[in-house]
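Note on naming: letters A, B, ... go to the chains in the order of the sequence lines (proteins, then strands), and numbering restarts at 1 for each one.
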2 protein chains.
Amino acid sequence: MFSKSCEYAIKAMIFVAQKSKDDNRVGIKAIAKGTDAPEHFMAKIMQDLSRRKLIHSVKGPNGGFYMDKADLKTSIASIVKAIDGEVIYTDCVLGLKVCSEKNPCPVHFEFKEIKKNLIKMIENNTIADFNDKLDSGKFFLKNK
Amino acid sequence: MFSKSCEYAIKAMIFVAQKSKDDNRVGIKAIAKGTDAPEHFMAKIMQDLSRRKLIHSVKGPNGGFYMDKADLKTSIASIVKAIDGEVIYTDCVLGLKVCSEKNPCPVHFEFKEIKKNLIKMIENNTIADFNDKLDSGKFFLKNK
DNA sequence: ATAATAAAAGATAAAACTATCTTTAATTTA
DNA sequence: TAAATTAAAGATAGTTTTATCTTTTATTAT
Ligand code: FES
Ligand code: FES
């Protein structure tokens, strides 16, 4: 569904949001551990998210990644777009050069509805929403 | 959504079904051309489908790939399973080791519905269904 | 200033996926 | 039987994705 990088990115955003209450910052090691991701790979992804302003960071002692109030309003869709691009929005399920109603592949209309629901879901759910959920202790970012 | 191999496989199955009416056979070149896929790569995929009995083949002059009545009842889901495996059925969207209701990731229940509809769709649609559609001339397997 | 910390950046490597080319084996026709 | 045809199989190569390691830069505290 999503690339590995994108999976990690979503988990990292949720994790950092969770941990960065009252101006706390989280280091890359803690993020990697808390999301069961390889540290150096996750570091790359965090750089990406940081460059794209989905998350903030400070270097040096007591530095790390954090999110402000505005960042918490980020939708899953924004993360997916930042990491995987617009494929879900634009690409044909069967790989036709362009996906269109005028030149549809055989499965176009069957997938139209499914894609619509998928997009609606990732656009309507923000990091803050998942944050609240995690607080309940009923949801997990890893399960080794 | 699906791997490139899987996209080609689905297109190939629809293409061969279309062309293999009244005991005709289709060569790998025609399949590659008709689905806008690289010939040698498609040959590998056809070997796979053939080994898994989703399609049949005969070598030699007038040989090629074909489908019988039973083959036409193959669902999209069967093709996806043959090429990409059970990922859509079993894997966690965020990459947790196991996807379960007891240890769900934050997006588990949001995606549950979407995955259910996706699976229902690919299980309920057979090659024969798409075959009929293509006959209408309103659907395409390539659009260069 | 200096030392310690932590992210950013760069370089490299391993694995998976996609693609191509060549050889072999089976089948048909003549 | 010989030649032609076509899928099957094997070997190789390119690309992208995933992952790791090293160096640099910014920041803080002493
Ligand atoms: S043309 Fe294939 S999904 Fe739209
Ligand atoms: S646990 Fe993540 S989708 Fe089920």
**OP:** With DNA chain C as reference, determine whether A:P61 or A:R51 sits nearer its 5' end, using the nearest nucleotide of each.
**Re:** A:P61

In whole Å, what is the span from the [atom1] atom of [X] to the [atom2] atom of [N]?
X     : N      : atom1 : atom2 : value
A:H56 : D:dA26 : NE2   : C1'   : 17 Å
B:I83 : C:dC17 : CD1   : P     : 12 Å
A:N62 : C:dA4  : CG    : P     : 16 Å
B:M1  : C:dC17 : CE    : C1'   : 19 Å
B:M46 : D:dA9  : CE    : C1'   : 16 Å
A:K53 : C:dA8  : NZ    : P     : 11 Å
A:I28 : C:dT5  : CD1   : P     : 18 Å
B:I45 : D:dA9  : CD1   : C1'   : 16 Å

Original post:
Can a side chain N or O of B:S57 be found less than 4.0 Å away from OP1 or OP2 on D:dA8?
Top reply: yes

**OP:** Output yes when at least one side-chain N/O atom of A:S50 is less than 4.0 Å from OP1 or OP2 of C:dA8, else no.
**Re:** yes

**OP:** Give the intermediate values and the outcome of side-chain contact (heavy atoms from CB on, under 4.5 Å) for residues A:S3 and A:I83.
**Re:** CA-CA 8 Å; A:S3 71; A:I83 305 292; 4.3 Å; yes

Subject >> Heavy-atom pair of closest approach, residues A:L54 and A:M67 >> reply: O-CE, 4.2 Å

Original post:
So what does A:R25 hit on the nucleic acid, given a heavy-atom distance under 4.0 Å: a base, only sugar-phosphate, or nothing?
Top reply: nothing

**OP:** Using a strict cut-off of less than 4.0 Å between a Lys/Arg side-chain nitrogen and an Asp/Glu carboxylate oxygen, indicate whether A:E110 and B:K133 qualify as a salt bridge.
**Re:** yes

**OP:** For B:K97, check salt bridge (Lys or Arg N to Asp or Glu O under 4.0 Å) against everything at least two apart and list the hits.
**Re:** A:D36

Original post:
Does B:Y89 have B:K81 sitting over its ring (NZ/CZ under 6.0 Å from centre, angle to axis within 45°)?
Top reply: yes

Original post:
Does the D:dA7 base have a donor-acceptor partner in the side chain of B:Q47 within less than 3.5 Å?
Top reply: no

**OP:** Identify, with sequence neighbours excluded, every residue that meets ring-ring contact (aromatic ring centres under 6.0 Å, His included) alongside B:Y8.
**Re:** B:F41

**OP:** Tell me, with the steps shown, if A:R25 and A:F65 meet side-chain contact (heavy atoms from CB on, under 4.5 Å).
**Re:** CA-CA 5 Å; A:R25 286 150 189 175; A:F65 297 89; over 6 Å; no

Protein-nucleic acid N or O pairs under 3.5 Å, nucleotides 18-24 of chain C:
residue: C:dT18; atom: OP1; partner: B:K4; partner atom: N; Å: 3.0

